[in-house]
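Inspection log for the structure reproduced underneath, given as structure tokens.
Bear in mind the structure is a predicted one, so any value in this text is a computation, not a measurement. Both ligands and their constituent atoms are indexed starting at 1 by order of listing.
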Amino acid sequence: SESKTHKFWETQPVGQFKDIGDTSLPEGPIELATPLSEVKQEPYNLPSVYEWTTCDMNSDDMCSEVYNLLKNNYVEDDENMFRFNYSKEFLRWALRPPGYYQSWHIGVRAKTSKKLVAFISGIPARIRVRDEVVKMAEINFLCVHKKLRSKRLAPVMIKEVTRRVHLENIWQAAYTAGVILPTPITTCQYWHRSLNPKKLIDVGFSRLGPRMTMSRTIKLYKLPDTPITPGFRKMEPRDVPAVTRLLRNYLSQFGVATDFDENDVEHWLLPREDVVDSYLVESPETHDVTDFCSFYTLPSTILGNPNYTTLKAAYSYYNVATQTSFLQLMNDALIVSKQKGFDVFNALDVMHNESFLKELKFGPGDGQLHYYLYNYRLKSALKPSELGLVLL
Ligand SMILES: CCCCCCCCCCCCCC(=O)CSCCNC(=O)CCNC(=O)[C@H](O)C(C)(C)COP(=O)(O)OP(=O)(O)OC[C@H]1O[C@@H](n2cnc3c(N)ncnc32)[C@H](O)[C@@H]1OP(=O)(O)O
Ligand SMILES: CN(C)Cc1n[nH]c2ccc(-c3ccc(F)cc3OCCn3ccnc3)cc12
């Protein structure tokens, strides 16, 4: 895509492919903030048959509309075998963190049918880039109905969310995508650990290895019934201060990372059934919280399989090991996710994840996830192991 022209992205304050390697360009904001009076006050023009709508995710009907649009039109894997099926509860969690703006939950309706045909969202986040903590918008859930693709709707939606973020005096954003755009700050690989190998093979997610039988494969991925680390337990509200300390200390080593405070940890990391699970190790001797692991629930619809409809996937979120070996901590995460009925445990090679992937029998996925910053230049790209940011 470096050779591809990017008619929209070439107009945007993002790292351009032509600038890669130009170390004379300073690190930091690409465009200066403008006075709020100079931000476009009215929404961008849509084609005449469409209208903007703001999605109130507190409304069950509205949340259902967003859920169904994404369920039928959101991200598929490269072989179009699976499509993400974020649940309604997950979307409410993902879109309403502390300080969220409902105006950043942007839909597009067809004027006649009133059907929701597109969506894009932003949430506020404090992201540290090297030594600077920057107020940003995290942009996610960009989706245009399959029937309205390749009509240049996405650039209008991106400009509109940008305009609404500017109105709140925020000038940077972070986002990820499976596609290459100008210009990734890092490119991550994703890995999968089979928990229910028989189902994964039956649906075509995995293939039986060479010289492997099904029973040999099931045995290969077998896990104990219960976690093995003494003091391993679910996180509770009383743990928020200790987990915040543990997490802030761990994330301080990465070039780009979320700047979590206790309010953020309470929202993003306290367990929510079928949305996010988090566990910690409380030392039986000292009662200190020494380790932490978490994963979120993101099923995928299985497309075109007569026997199965849903792939139950857990995604590694934030994990910190200070006393327990990282391998043992993550193996306990696999054990509890298997016990909860997940078919597969997914992880990116970000932070220190690479150290457990091969050892814990993860296999490489068939695609990549690219990370981007909007209106913020990095002098040089990061390695995935220098990234402390997981977007949902
Ligand atoms: C200061 C605040 C700033 C806030 C804003 C920050 C920026 C936020 C940016 C958004 C971050 C979202 C993050 C996120 O949600 C996580 S990535 C998941 C995105 N969603 C999906 O993949 C769902 C299925 N696909 C679709 O719904 C459509 O294909 C979409 C809507 C993706 C594109 O609709 P379409 O009908 O297929 O295409 P046109 O309308 O004709 O438009 C073509 C133009 O769109 C560019 N494009 C394609 N995919 C993109 C993607 N994933 N990000 C950014 N740009 C993307 C493409 O390069 C081309 O531009 P170019 O000609 O320059 O190359
Ligand atoms: C991050 N967030 C923005 C959603 C998102 N958008 N685009 C993506 C491309 C890959 C991954 C991803 C991230 C981690 C992972 F372990 C597996 C993944 O995709 C597997 C392929 N797949 C796609 C749909 N169903 C299965 C997420 C995303």
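- Considering only non-hydrogen protein atoms, atom 15 (O) of ligand 1 sits nearest to Leu142 N, 2.9 Å.
- Closest protein heavy atom to atom 29 (O) of ligand 1: Arg149 CD, 3.6 Å.
- Judged as a ring-ring contact (aromatic ring centres under 6.0 Å, His included), and not counting sequence neighbours, His145 has no contacts.
- With a heavy-atom cut-off of 4.0 Å, Phe141 does not touch ligand 2 at all.
- Atom 42 (O) of ligand 1 has its nearest heavy-atom neighbour, among Pro155, Ala137, Ala173, Ala174, in Pro155.
- Geometrically, ligand 1 and Val144 share a nitrogen or oxygen pair separated by less than 3.5 Å.
- If you check each of Trp9, Phe141, Tyr374 against atom 9 (C) of ligand 1, the one with the closest non-hydrogen atom is Trp9.
- Considering both main-chain and side-chain atoms, Ala154 comes within under 3.5 Å of ligand 1 through a nitrogen or oxygen pair.
- Atom 50 (C) of ligand 1 has as its closest protein heavy atom Val179 CG2, 4.2 Å.
- Note: no N/O pair closer than 3.5 Å links Ile120 and ligand 1 by distance alone.
- Distances from atom 33 (C) of ligand 1 to the protein include at least one heavy-atom value under 4.0 Å.
- Shown in contact with Trp171 at under 4.0 Å from a heavy atom are these atoms of ligand 1, numbered in order with element: 1 (C).
- Of the options Leu311, Leu142, Leu369, Thr176, the smallest heavy-atom separation from atom 3 (C) of ligand 2 is shown by Thr176.
- Looking at ligand 1, you won't find any N or O of Thr162 less than 3.5 Å from one of its N or O atoms.
- By the criterion of a heavy-atom distance under 4.0 Å, the backbone of Glu76, and not its side chain, is placed next to ligand 2.
- Below 4.0 Å from some heavy atom of Asn140 lie the following atoms of ligand 2, by number and element: 3 (C).
- Nearest protein heavy-atom neighbour of atom 58 (O) of ligand 1: Leu181 CD2, 3.4 Å.
- For ligand 2, the atoms lying closer than 4.0 Å to a non-hydrogen atom of Leu391 are 1 (C).
- In terms of polar-atom proximity, Leu392 is counted as a contact of ligand 2, with an N or O under 3.5 Å from an N or O of the ligand.
- Here the protein heavy atom with the shortest distance to atom 11 (C) of ligand 2 is Phe84 CZ, 3.9 Å.
- Of all protein heavy atoms, the one closest to atom 16 (C) of ligand 1 is Thr176 O, 3.1 Å.
- Pairs of residues two or more places apart, or lying in two chains, that qualify as ring-ring contact (aromatic ring centres under 6.0 Å, His included) and include a residue from residues 201-230 are Phe82-Phe205, His192-Phe205.
- Judged by the 6.0 Å distance and 45° axis criteria, Lys40 is positioned over the aromatic ring of Tyr44.
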